[in-house]
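Heads up: the structure comes next, in structure tokens.
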Amino acid sequence: MSQDPSCSGVFSGLELIELNDPSAVAEHVAALLLHERRRRPELPLGLATGRTMEPIYRALARQLSQLPFAEGERLRERWLSFNLDEYVGLRPEDPRTFRAVMTTKLVLPLGLDPERVRLPEGSAVDPDAEANRYRRELAAAGGVGLQVLGLGLNGHVGFNEPPCAADVRCRCVSLSASTRAANAAAFGGDPEAVPERAITLGLAEILAARSLLLVVTGAAKAGMLRWILQGPPTPELPASWLHRHPRVMVVADHAALGRGANG
Ligand code: GLP
């Protein structure tokens, strides 16, 4: 691991790794992702988009480039990942699709085959059918090995908006006003310009992953993260269902844990 955790512990079954800041979190998570690709190459990684993930993908590209050439090549060739979600209704060439984001932030910097970075097709004529197709595609690949998750300000994971049961599957969902506002930056700051719907893996697929890695940075998420860590699971906080999973690691910075930079 490139960074030693400054603090760690277990919160009612969730293993917590606390690090200084988003860049320490990014290095740590990137190292975990590379480790996972080496240890369990037969199962796909589960990936997310969002601001939390961007420094992680930068760190991942750098760490991958520092591997011996043959090892880096082997890792690229065997890469397989499935993203959590995608907006519905944007044109395929729209730079704001999560596919475009993954191309820019992951596929090109890492030199991956785009075919091996899977996402739901948000421009599909029938999004419900596409959600089913994506669910079956993931199942055929064996389900997710390690699933990386960001945390929505309202407690969502993927685009599983509250209230949300633990057994919902991959489907087309309506986005809440607060999520559209939180994601408006990529749409010129206008929440109304954010798509109203998305396809997301459900809690069923997320909880079926062999292990889960929830990544949270920044003071804005501190209140929500405290609720999630405390449990108990409730439909009002979709991320709280993670308590049902036996192998969950939470990697957070000081700010997300409500502590100042000096502790
Ligand atoms: C978004 C995505 C999630 C993401 C989360 C946090 O809406 N659907 O997959 O992890 O919300 O986003 P951010 O990291 O930008 O705060």
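Every heavy atom of this structure was used, including side-chain atoms; hydrogens, water molecules and symmetry mates were not. Heads up: numbering here begins at 1 and tracks the sequence. Order of listing sets the numbers, starting from 1, for every ligand and every atom in it.
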N183 N/O to ligand 1 N/O under 3.5 Å: yes
Protein heavy atom at shortest distance from atom 4 (C) of ligand 1: T49 O, 3.6 Å
Minimum side-chain heavy-atom gap L33-V29 below 4.5 Å: yes
Ring pair (Phe, Tyr, Trp, His ring centres under 6.0 Å) contacts touching residues 167-190 (sequence neighbours left out): Y87-F187
Heavy-atom check, side chain of T97 versus side chain of L119, under 4.5 Å: no
Minimum-distance protein heavy atom relative to atom 12 (O) of ligand 1: G50 CA, 4.1 Å
4.0 Å heavy-atom contact, M53 with ligand 1: no
Nearest-contact summary for atom 3 (C) of ligand 1 - protein heavy atom, Å: G158 O, 3.6 Å
Passing candidate, side-chain contact (heavy atoms from CB on, under 4.5 Å) with T49, options E86, M102, K105: M102
side-chain hydrogen bond (donor to acceptor under 3.5 Å, both in side chains) contacts in which one or both residues fall within residues 118-131, not counting sequence neighbours: R118-E137, E121-S123, E130-R133
Ligand-residue contact atoms, ligand 1 with H156, heavy atoms, under 4.0 Å: 1 (C), 5 (C), 7 (O), 11 (O)
SB check E73 R76 (cutoff 4.0 Å): yes
For L151, the ligand 1 atoms whose distance to one of its heavy atoms is below 4.0 Å: 6 (C)
Atom 15 (O) of ligand 1 - nearest protein heavy atom and its distance: R51 N, 2.8 Å
Per-atom contacts, ligand 1 versus F159 - under 4.0 Å to a heavy atom: 7 (O), 8 (N)
Common cluster, L207/L214, ILVMFWY with side-chain heavy-atom separation under 4.5 Å: yes
Proximity to ligand 1 by part of D85, non-hydrogen separation under 4.0 Å: side chain
Atom indices of ligand 1, in the order listed, that fall short of 4.0 Å to a heavy atom of T52: 13 (P), 14 (O), 16 (O)
Carboxylate-amine/guanidinium proximity below 4.0 Å for E18 and R259: yes
Nearest-neighbour protein heavy atom for atom 10 (O) of ligand 1, which is reported as residue plus atom name and distance: G150 CA, 3.2 Å
